[in-house]
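Worksheet: one structure, shown below.
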Amino acid sequence: MNRQSGLADPSRLTSHGNEGRQTLHVVVETPKGSRNKYAFDQEQRVFILKKVLPVGMAFPYDFGFIPSTKGGDGDPVDVLVLMDEPAFPGCLLKCRPVGIIEGEQVDRKTKTKERNDRIVAVENANHSYAHIAHVNKLGKKFVHELEEFFVNYHQLTGQKYRVLDVKGPGAARRRIKNGIRAVKKSSR
C-alpha cells in the first residue's frame, strides 16, 4: 500500500457538495477573530502563516477558498463565510452563496491590476444567518464594513483594493462557475 504523509490537498476537493449545486465546499484558511492570516501551501500540503495583522484588526468572519476553482488573481476563489462560531484552518464547510464583493487590487510598486473578488456565503448549519438569502439582507452598514475590511487589509500589504460592486447570489454563482472552468481549462 502506497501511503502519502501529510494532509490531503484540500484545493483539489470538489467545489460543490452532494447536496447539489446550491451547496459550496469552502476550506477555511483563517478563522473568524484571528489576527493570523493562514494560507494553504499546495506544494508542501500544509497551512502556513502568511502574515499577522496589527493589534485591533482581525478577520471579521471565517475566510477561505472554494476547492477546484481559480480566481482572477490565480488563487482559488476566496470566500468570507458567515456563521455562528469560528472554525479552524483546514475545516471543510458546506455553504450557500448570498453575494459577491467584486474588487480589484493594485500593487502600488508595479501598478499592476488584478481582479480579486470575494464570495460572501452562509454556512448551512448555522443559526444566526440562516434567514439570509441575499447580501442586501445583511444591511448597508454591515456590507460597508466588510468592504472596508478588505480595503484596509490590502493597504497593510502595500496594495490598493477598490470595491467595484456588490452583487447577489446569481453573480456569485457565475463567478464560481467561471472559477471551475478556469481550473478545467488550465488542466488540459
Side-chain angles (χ1 to χ4, degrees), residues 3-15 24-95 97 100-123 125-126 128-129 145-163 172 175-176 179 182-183 186:
R3 297 180 116 196
Q4 289 184 323
S5 61
L7 293 173
D9 183 348
S11 66
R12 296 182 188 273
L13 296 171
T14 60
S15 56
L24 298 174
H25 282 164
V26 176
V27 176
V28 174
E29 288 181 302
T30 303
K32 173 184 178 177
S34 179
R35 287 180 48 210
N36 293 337
K37 167 63 171 110
Y38 301 102
F40 183 73
D41 182 315
Q42 282 184 287
E43 212 171 279
Q44 297 184 69
R45 297 168 73 168
V46 295
F47 287 85
I48 60 171
L49 178 65
K50 194 169 179 182
K51 70 180 74 151
V52 178
L53 301 179
V55 172
M57 187 174 186
F59 276 80
Y61 296 94
D62 286 333
F63 188 74
F65 63 89
I66 301 170
S68 300
T69 62
K70 187 186 288 187
D73 61 352
D75 292 335
V77 174
D78 294 323
V79 184
L80 189 71
V81 180
L82 308 178
M83 58 190 261
D84 301 307
E85 294 292 326
F88 55 88
C91 185
L92 181 69
L93 303 177
K94 293 179 180 182
C95 305
I100 183 170
I101 298 172
E102 294 178 336
E104 177 181 78
Q105 64 190 37
V106 180
D107 188 295
R108 291 178 195 247
K109 293 177 186 171
T110 64
K111 304 292 186 215
T112 55
K113 295 180 183 181
E114 63 186 11
R115 281 297 289 266
N116 198 349
D117 300 336
R118 277 39 190 273
I119 303 296
V120 179
V122 172
E123 202 281 328
N126 89 96
S128 300
Y129 299 96
E145 288 175 359
L146 294 180
E147 294 171 0
E148 285 301 306
F149 170 77
F150 290 117
V151 168
N152 294 331
Y153 173 79
H154 282 278
Q155 190 173 11
L156 292 172
T157 60
Q159 296 177 330
K160 183 178 179 184
Y161 187 79
R162 185 168 65 98
V163 174
R175 177 69 205 97
I176 294 161
V183 166
S186 67

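- Among pairs with a residue in residues 70-79, those fulfilling salt bridge (charged side-chain N to carboxylate O under 4.0 Å, His left out) read Asp78-Arg118, at least two apart in sequence or across chains.
- Once rounded to the nearest 0.5 Å, the distance linking CG of Leu82 with CG of Leu146 reads 7.0 Å.
- Here the straight-line distance linking atom CD1 of Ile48 with atom CG of Asn36 works out to 12.5 Å at 0.5 Å rounding.
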**OP:** Please test Gln44 against Asp41 for side-chain hydrogen bond (donor to acceptor under 3.5 Å, both in side chains), starting from the C-alpha separation and ending with a verdict.
**Re:** CA-CA 6 Å; Gln44 297 184 69; Asp41 182 315; 3.2 Å; yes
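- Between the NZ atom in Lys160 and the CD atom in Gln105 there is a gap of 13.0 Å [rounded to 0.5 Å].
- Side chains of Tyr38 and Leu49 form a contact here, defined as non-hydrogen atoms less than 4.5 Å apart.
- Arg115 contributes atom CZ, which lies 7.5 Å from atom CZ of Arg175 (distance to the nearest 0.5 angstrom).
- Here the closest heavy-atom approach between residue Ile119 and residue Ala172 is recorded as CD1-O, 3.7 Å.
- Of the inter-residue distances, the one linking Asp117 atom CG with Ile100 atom CD1 reads 4.0 Å to the nearest 0.5 angstrom.
- In this structure, the ring pair (Phe, Tyr, Trp, His ring centres under 6.0 Å) partners of Phe59, at least two apart in sequence or on a different chain, are Phe63, Phe149, Tyr153.
- In plain terms, the two heavy atoms of Val77 and Gly179 that are nearest each other are CG2-CA, 4.3 Å.
- Closest of all the heavy-atom pairs between His25 and Leu92 is CB-CD1, 3.7 Å.
- With 3.5 Å as the limit, one finds a donor-acceptor pair spanning the side chains of Ser128 and Asp84.
- Under the rule for a ring pair (Phe, Tyr, Trp, His ring centres under 6.0 Å), the partners of Tyr161 that lie at least two apart in sequence or sit in another chain are His154.
- Distance check: Gln159 CD to Lys113 NZ gives 14.0 Å after rounding to the nearest 0.5 Å.
- Shown are Glu85, Glu123, Met83, Glu29; of these, the side chain to side chain contact (heavy atoms under 4.5 Å, CB included) with Asp62 is made only by Met83.
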**OP:** For Val28 and Phe47, run side-chain contact (heavy atoms from CB on, under 4.5 Å): C-alpha distance rounded to whole Å, both residues' side-chain angles, the deciding distance at 0.1 Å, then the answer.
**Re:** CA-CA 10 Å; Val28 174; Phe47 287 85; over 6 Å; no
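- When every heavy atom of Ile66 is checked against every heavy atom of Pro76, the shortest pair comes out as O-CB, 3.7 Å.
- Across all their heavy atoms, Tyr61 and Val81 have their closest contact at CB-O, 3.3 Å.
- The heavy-atom pair separating Pro54 from Leu156 by the smallest distance is CD-CD1, 3.4 Å.
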